[in-house]
Amino acid sequence: MLRTHTRGELTAANEGERVTLCGFVWKSRDLGGLLFIDLRDRYGFTQVVFDPVVDSVLTKDAAALHGEDVVEVTGVVRLRPGDMRREDIKTGEIEVRADCLRVLSRAARLPFLVAEEETAKEPLRLKYRYLDLRRPPMQWNLEIRHVTINAIRQYLNSRGFLEIETPILMKSTPEGARDYLVPSRVHKGNFYALPQSPQMYKQLLMVAGLDRYYQIARCFRDEDPRVDRQPEFTQLDLEMSFAEEDDVFEVTEGAFAGVFRETLGYELPLPFPRMTYHEAMNRYGRDKPDVRFGFELTDVTEVCGESESAVFKKTVEEGGRVFAVVAPGGLSRKEADELEKLAKDEGAAGLAFFKVEDGGKLAGALAKFFTPALSERLLTVTGAERGDTILAAAGPFPATAEVMGSVRLALAEMTGVQKASGWHFLWVTDFPLFEEDPETGGPVPSHHPFTSPKPEDIEYLETDPLRVMSRAYDIVLNGVELGSGSVRIFEPELQRRVLRAVGVTDEEIEERFGFFLEALSYGVPPHAGIAPGIDRLVWLICGVIGIRDVIAFPKTTEATSPLDGSPSPVSPTQLRELGLSLDIDE
RNA sequence: GGGGUCGUAGUUCAAUUCGGCUAGAGCACCGGCCUGUCACGCCGGAAGUUGCGGGUUCGAGCCCCGUCGACCCCGCCA
């Protein structure tokens, strides 16, 4: 090694030692005589002093250094003069008096300043990611990521799990998200898909008797990226044989506890609380509720149904529901307009406002349809008080609850509610097996088609699929869905029935899932698993704006990489080898 | 695919309500001064096809149209 020590390592205890340091020039302060240079590496900073009285040529050379030059400095560690010590820096007590300087590599003029608090804008940061990653906060994020994954591995290894890799090139099964496809050269016209998750493989590992599997698995979904979503991302994929919900919960909680212990030194309270999907929707209008603050929804269907309002009466007669949320202290005109627009954009017919006046009297466009007794009941149910405004929307469930869930979040945002600090994990359980496809009206899996129905609901698979409940569960942290899992189907016939229920024909079942169904016919340990997203977990732990900040080389929201210019065209030769020709509109 | 915001010096940002004289400042860069700084300080300098293309106008960084890119949101994300 060129260096004897790293930055951040030297303290007063090293006084008098002759050391060699290597690193980047962070900042320099040229006082005309004395010259100070802060050297940076992954581990920290160290101040180096050049003194012209000791060596004027050396000091002159050092004065010509620029930020991000890579240098090797040799010198003697010494204590700083008494009043020059710094307590706020780890190495603030010492400095290295340089007697030798070697420039290993000069930095050209930088596209942006690395040693600057304010960051460059994201296009530049992504194009020059290797410079962006020199910034200590970014290195910190990646270190947290490493510690997180390491903690997960340590815990699962200790619990008898095997880490097993599964293929990146696999069969395309067009359920769920859009697949990334890879053309086959050997079998022209055929394609591999990149895994959206290793779902079937991990179940096959259970069939194989591997019993406890996990993988830090890269997954690919060809959908538009978001601040919390990347086309390729990393999941902790795990699966357990002879396991049920509680077993998966216990292992997941243990792994997360290890992560928070190692990264933040925080002891998570276990077990995590649980809430059913129905409770989450009714109280928060979300299947991933942020329970750090109130503004909970209330169900005012009954009260509103008894009012003379045609809108409410009709909704209730048609089996719809009415949900309310209270804005404490009322709303400004602007805020009310904003919330109404939000509700309409989210698909509500409208948003009703009831201002609570003196004596519990209601004001607002629909207030006249409420008798004093009914008004009284509305106040009791919602808990609203004088000066508050009650907001309500009517319509089908769960869509209306979701609208009011959005209103709740917006309301919390605009009133600047203090979200309680801390880490509020939550298991959400008892999901419906299917959701209604808004386009076809038919059922689609709400988790994935390998999720086991609740045994008591299996009889309704064909007759009333939307009432079938599943053994799926989500892990939620501070309102962010970290991952989903389920107890799986392990009987081939039940698997066929679920696939048929979501409209897969028998031929398609054989073609796409035949190998899998056959596997289920050779003796299968009942199994269950989960797949929490690593990027999102690290994102929340780091407290950064977006998921891109915890990924070394992320894609843009247009799914490109400014760094290497991908995706990019390929040569006609490459296409010919694959038997492909392009047919691009415009 | 749709909506929104943004694009000005290497970089981060300015540039009067409805368009008006030579497009400014911090950091970085170059030159000079400075021996205890740590956001060092002081003096001076260089640095611009205002993303690109078109239009309106006596005159456009600013208004209009198109286009490219980035970010945020909707759709999408089993």
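Reminder, nothing fancy here: chain letters follow the sequence lines and each chain counts from 1.
- Side-chain atoms of A/Arg109 stay outside donor-acceptor range of the base of B/rC29, with no qualifying N/O pair under 3.5 Å.
- Counting non-hydrogen atoms under 4.0 angstrom, A/Ser197 reaches a base of the nucleic acid.
- Residue A/Thr557 is classed as a base contact, given a heavy-atom separation below 4.0 Å to a base.
- Note on A/Arg488: nothing from the nucleic acid sits closer than 4.0 angstrom, heavy atoms only.
- Side-chain N/O atoms of A/Arg29 include one lying less than 4.0 angstrom from OP1 or OP2 on B/rC40.
- In this structure, A/Ala120 and A/Ile89 both approach RNA chain B, and ranking their closest nucleotides by distance from the 5' end singles out A/Ala120.
- Using a 4.0 Å heavy-atom cutoff across all strands shown, A/Asp30 reaches at least one base atom of the nucleic acid.
- Here the rule is side-chain contact (heavy atoms from CB on, under 4.5 Å) with A/Arg40, and of A/Arg135, A/Gln139, A/Arg134 only A/Arg134 fits it.
- Looking at A/Arg548, its side chain has no donor and acceptor atom pair within 3.5 Å of the base of B/rC71.
- Applying the 4.0 Å criterion to OP1 and OP2 of B/rC13, one finds that A/Lys121 has a side-chain N or O inside that range.
- Judged by distance alone, with hydrogens and angles left aside, A/Arg80 brings a side-chain donor or acceptor within reach of the base of B/rC38, the pair sitting under 3.5 Å.
- Remark: A/Arg226 is in phosphate contact with B/rC74, judged by side-chain N or O atoms under 4.0 Å from OP1 or OP2.
- For the OP1/OP2 pair of B/rC30 and a distance below 4.0 Å, the side-chain nitrogens and oxygens of A/His66 include at least one atom meeting the criterion.
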